Amino acid sequence: MTDGLRVEADGAVATITFDRPDALNALTIPIKVALLDALRSIGEDRSIRAVILTGAGRAFCAGQDLAERDDPDAPPLDVELRERYNPIVRAIRALDQPVIAAVNGVAAGAGASLAFACDLRIASADARFVLAFGRIGLVPDSGATWFLPRLVGAARAAEIALVGDPIDADEALRIGLVDRVVPPDTLMAEARAMADRLAAGAPRALAMTKHALQRSWSIDLDAALEDEARLQGEAGATSDHAEGLAAFREKRPPRFTGE
Ligand code: LHQ
């Protein structure tokens, strides 16, 4: 556990909370190191079947801590990205467990990018996304140039990235940047309900689905069809598939084990 990041497991759901509310959960090096460690250990923990990423206070995450950049010994930006941000984005994508961003407030810069990297986004009505990079003379990073056009299409991505106007929760829902918008006081309950649903799913099939959706962006239809056939062969050989069929026949909810 590190100052600025809380990681809690409750049953099959792990919740990672950016916890530096006075600085809108801006990311320092220790927080980034702790986040990467947490993602890696969750990845090895088969008892965790879904992950929630959220922020304490009125922000999800304001991105890079700009005060940290005043340190003359701060690593160059490209090094900071290669060594700290990019591994975090890769770790979220590589997790077998689905990751839900519960966007409780402003998500700016790399904070927005981390929300984009998650599998699902539930936003509080108070949430807003700010592609703050351009305002400080930087380019979108931590996957923003890759995720944004895939989430909202090329034209909207260009406007969001180049013009940089904040996007409120309703607009984010309208353009497909978030999956649903809920009242602020119900956000965590809604995220938890979604996490519980995912945690009750067949873990290997969900993991294969997550990774297949990801791969689909870089392969053609023939390759995707073959990918699906290969994965279905694997999924069909699991005990969870047999359990799913038995539960259907017996008209009861399935009890998936991940086997
Ligand atoms: C902050 C921050 C913050 C420190 C609010 N840092 N204190 C990767 C590679 C390496 C380096 C470069 O960057 C990157 C990727 C990036 O993430 S670049 C983008 C970095 N983030 C930003 O530029 C966002 C800066 N923040 C803002 O624009 C605003 O604070 C937003 C729009 C997020 C929220 O605005 P307000 O709701 O009006 O809040 P505020 O500005 O009053 O902030 C509240 C406090 O939080 C304030 O501190 P204070 O002591 O005055 O109360 C801010 O200084 C602090 N804070 N963001 N990133």
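For ligands, and for the atoms within them, numbers begin at 1 and follow the listed sequence. As a basis for the values below, the full set of heavy atoms in this structure was taken, side chains included, without hydrogen atoms, waters or symmetry mates. All figures in this text were calculated on a predicted structure; none of them were measured in a lab.
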May I ask you to identify the nearest protein heavy atom to [atom], giving residue, atom name and distance to one decimal place in Å?
| atom | value |
| --- | --- |
| atom 11 (C) of ligand 1 | L77 CD2, 3.3 Å |
| atom 26 (N) of ligand 1 | A62 CB, 4.7 Å |
| atom 35 (O) of ligand 1 | R128 NH2, 4.1 Å |
| atom 42 (O) of ligand 1 | R58 NH2, 4.0 Å |
| atom 28 (O) of ligand 1 | R135 NH1, 4.2 Å |
| atom 55 (C) of ligand 1 | A23 CA, 4.0 Å |
| atom 29 (C) of ligand 1 | L24 CD1, 4.7 Å |
| atom 19 (C) of ligand 1 | G109 CA, 3.8 Å |

Number the atoms of ligand 1 from 1 as they appear, then name those within less than 4.0 Å of a heavy atom of [X], with their elements.
| X | result |
| --- | --- |
| F133 | 15 (C), 16 (C), 18 (S) |
| A132 | 22 (C), 23 (O), 24 (C) |
| G63 | 17 (O) |
| A26 | 3 (C), 4 (C), 6 (N), 58 (N) |

Does any part of the side chain of [Y], heavy atoms only, come nearer than 4.5 Å to the side chain of [X], both counted from C-beta?
| X | Y | answer |
| --- | --- | --- |
| V89 | S113 | no |
| L138 | Q64 | no |
| L53 | C118 | yes |
| F129 | I160 | no |
| R58 | L24 | yes |
| I31 | R20 | yes |
| R93 | D119 | yes |
| L231 | R215 | yes |

Donor-acceptor contact present, side-chain D240 to main-chain F256, <3.5 Å: no
Side-chain donor/acceptor of D10 to backbone N/O of V13, under 3.5 Å: no
Quiz question for you: does at least one protein heavy atom lie closer than 4.0 Å to [atom]?
| atom | result |
| --- | --- |
| atom 47 (C) of ligand 1 | no |
| atom 38 (O) of ligand 1 | no |
| atom 23 (O) of ligand 1 | yes |
| atom 52 (O) of ligand 1 | no |
| atom 13 (O) of ligand 1 | yes |

Separation of M188 CE from N104 CG (nearest 0.5 Å): 8.0 Å
Does ligand 1 come near enough to [X] that some N or O of the ligand is less than 3.5 Å from an N or O of the residue?
| X | answer |
| --- | --- |
| Q64 | yes |
| Y85 | no |
| D141 | no |
| L66 | yes |

Nearest option to atom 17 (O) of ligand 1, as decided by whichever heavy atom of P75, P21, A110 sits closest: A110
Residue pair H211 / L95: nearest heavy atoms and the distance that separates them: CE1-O, 3.4 Å
Distance-minimising heavy-atom pair for A125 and V181: CA-CG1, 3.7 Å
Within 6.0 angstrom of R40 CZ, more than 12 heavy atoms from elsewhere: no
Heavy atom of D22, distance to ligand 1 below 4.0 Å: yes
